[in-house]
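This report concerns only the one structure given below.
Every heavy atom of this structure was used, including side-chain atoms; hydrogens, water molecules and symmetry mates were not. Order of the sequence lines sets the chain letters (A, B, ...), proteins ahead of strands, with each chain counted from 1.
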Amino acid sequence: MTNQPMVAVLNGPDFSERLLAWFDVHGRHDLPWQKPRTAYRVWVSEVMLQQTQVVTVIDYFNRFMARFPKLEDLADAPLDEVLALWSGLGYYARARNLHAAARVMAAQGIPDSLAHWLALPGVGASTAAAILAQAFDTPATILDGNVKRVMARHAGINTPIEQAATIQALYYIAKRHTPSTRLADYTQAIMDLGATVCTRSQANCAGCPVSQDCVALKTDQVAHLPARRARKPIPTRQAVFIHLEDEAGRIMLIRRPPSGIWGGLWCLPEYTPVRADDIEAAPSADCLAPRATVLSKWSFAPQGDAVQVATFEHRFTHYQLTACIERVRVAAHASPQDTPDRRWFHRHDLPEVLPQLGLPRPIARFLADYAASKGG
DNA sequence: AACTCGTGGGC
DNA sequence: TGCCCAAGAGT
């Protein structure tokens with residue numbers, strides 16, 4: 001701290017003073033986790049807020065707190081219930097880590113140091129610093145996406161944000177600006193500034209309390225900072241999904257394995273991708289719904305003796321997963337409505353017909369097992 | 001260091 | 001519509 005270069009202050013209060021004055025008037029003071037601002041509530045909110053916007057989190061947080069008012073409530077609850085309340089929020093490893101950390105804290109107490117917070121699963125540098133500042137009003141330097149953007153613009157850092165050297169530079173700048181008092185308010189203030197004024201696009205520099213010494217504004221680089229490295233093309237992957245449904249429209253649910261995508265959640269089988277990689281790696285079949293456990297009691301008990309197979313396209317964003325959904329409909333009687341993409345088969349014919357369908361091996365294996373297992 | 005892991009919204 | 005990204009962490 002003492003060896004850091006001095007801040008160049010142009011006439012007037014320094015960075016944190018201007019920011020705090022702005023925060024008192026324009027900042028967000030009514031977020032659910034701010035009243036009351038206990039360590040437990042701040043921790044839960046910070047985990048929910050990882051890569052997730054405030055608007056999205058609020059309802060989840062309120063439902064979560066209604067069910068788990070105290071740390072012990074969360075620690076005592078089964079993981080299933082935590083995952084159920086997390087459903088739809090995404091990044092489900094956060095819920096598993098949250099639950100595991102709750103049990104650690106219920107036994108060992110709530111940490112009050114950076115190192116002890118960092119030791120908890122799901123708590124990294126950013127979250128730990130935010131908790132120390134928000135819940136304990138203790139000096140800590142946060143460097144989340146908002147702070148990186150604000151600092152990169154204010155200091156005119158134009159090297160790629162992905163580089164370790166850039167992160168380090170931004171960290172020291174952020175640390176230099178961090179005051180020694182009002183840590184909770186300052187932390188909220190810098191994030192509010194990034195979220196509402198120094199936004200990624202269309203920054204409102206006219207309403208910014210630190211625009212007077214902003215390098216990006218002075219050099220007309222606001223729209224270009226922070227700089228990013230060119231993106232590598234995202235590869236398209238193939239996947240296969242299954243949708244199993246009875247005549248009444250009831251859907252079979254399966255449970256995904258505890259790790260990996262949608263870990264631990266009860267899902268429609270169509271949301272359990274079997275990747276082409278998996279198929280090649282495990283040609284014998286177990287990778288259908290990657291080692292998922294079929295619900296011991298399905299959401300329906302198939303009674304029919306016919307199966308319909310149809311193919312749909314489903315496209316995922318983010319990692320460009322191209323999926324093929326195999327829709328399997330169980331019916332008591334074969335339907336006359338055959339079309340090229342909707343083919344009906346009596347279940348007892350499946351073993352003979354399957355080899356001709358050209359289905360991915362795990363799917364074919366699943367259907368073969370299915371045909372053989374249900375009292376047919 | 002590079003990759004994985006969700007979802008919803010902006011433009 | 002396609003692409004980018006948002007209070008990151010784990011591997």
From [atom1] of [X] over to [atom2] of [N], roughly how many Å is that when rounded to an integer?
X        : N     : atom1 : atom2 : value
A:Leu49  : B:dG6 : CG    : P     : 17 Å
A:Asp192 : C:dA7 : CG    : P     : 11 Å
A:Leu89  : C:dA6 : CG    : P     : 17 Å
A:Gln50  : C:dA6 : CD    : P     : 15 Å
A:Arg96  : C:dA9 : CZ    : P     : 16 Å
A:Glu162 : B:dT4 : CD    : C1'   : 17 Å
A:Asp144 : C:dA7 : CG    : C1'   : 5 Å
A:Lys148 : C:dG8 : NZ    : P     : 8 Å

- Message: Can you tell me which nucleotide in C:dG10, B:dC5, C:dC5 comes closest to the side chain of A:Tyr91?
- Response: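 From the listed options, B:dC5 comes nearest.
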- Query: C:dC5, C:dA9, C:dA7: which one has an atom nearest the side-chain heavy atoms of A:Arg228?
  - Reply: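 Looking only at heavy atoms from C-beta outward on A:Arg228, the closest nucleotide is C:dC5.
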- Query: Considering heavy-atom distances to DNA chain B, does A:Gln51 or A:Arg229 have its closest nucleotide positioned more toward the 5' end?
  - Reply: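 Here A:Arg229 is the residue nearer the 5' end.
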Less than 4.0 angstrom between a side-chain N/O of [X] and OP1 or OP2 of [N], yes or no?
X        : N     : value
A:Arg149 : C:dA7 : yes
A:Tyr92  : B:dT7 : yes
A:Thr52  : B:dG8 : no
A:Arg94  : B:dT7 : no

Touch class at under 4.0 angstrom, heavy-atom based, for [X] against every strand present:
X        : value
A:Val123 : sugar-phosphate
A:Gln134 : nothing
A:Thr127 : sugar-phosphate
A:Leu31  : base
A:Trp33  : base

- Message: Heavy-atom nearest nucleotide on DNA chain C for A:Pro121 versus A:Asn146: which residue maps closer to 5'?
- Response: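 Looking at the nearest nucleotide for each, A:Asn146 comes out on the 5' side.
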- Side-chain donor or acceptor of A:His99 paired with backbone N/O of A:Ala77 under 3.5 Å: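 Checking the backbone N and O of A:Ala77 against the side chain of A:His99, a donor-acceptor pair under 3.5 Å is found.
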- Item | Under 3.5 Å donor-acceptor, A:Thr199 side chain and A:Thr196 backbone |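 Checked: no pair found.
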- Message: Between A:Asp213 and A:Arg18 (salt bridge meaning N to carboxylate O under 4.0 Å), is one present in this structure?
- Response: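 Salt bridge flag = yes for A:Arg18 with A:Asp213.
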- side-chain contact (heavy atoms from CB on, under 4.5 Å) partners of A:Pro121, counting only residues at least two apart: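 Scan of A:Pro121 (side-chain contact (heavy atoms from CB on, under 4.5 Å), adjacent residues dropped) gives A:Asn97, A:Ala100, A:Ala101.
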Hey, what are the protein-to-nucleotides 9-11 of chain B N/O distances that come in under 3.5 Å?
none

- On the 0 to 90° scale, with breaks at 30° and 60°, tag the A:His177-A:His154 ring pair as parallel, tilted or perpendicular.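 Correct class here is perpendicular.
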- Please work out which of the three classes, parallel, tilted or perpendicular, describes the rings of A:Trp43 and A:Tyr40, given edges at 30° and 60°.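 Judged by the thresholds at 30° and 60°, the geometry between A:Tyr40 and A:Trp43 is tilted.
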- Item | Residues forming a side-chain hydrogen bond (donor to acceptor under 3.5 Å, both in side chains) with A:Gln51, sequence neighbours excluded |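 side-chain hydrogen bond (donor to acceptor under 3.5 Å, both in side chains) check on A:Gln51 returns nothing, list empty.
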- Query: Between C:dA7 and B:dC3, how far is it from one P atom to the other, in whole Å?
  - Reply: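 That atom pair is separated by 24 Å.
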- Message: Applying salt bridge (Lys or Arg N to Asp or Glu O under 4.0 Å) to A:Asp144 and A:Arg149, what does each step give before you reach the verdict?
- Response: CA-CA 9 Å; A:Asp144 55 22; A:Arg149 185 172 56 255; over 6 Å; no
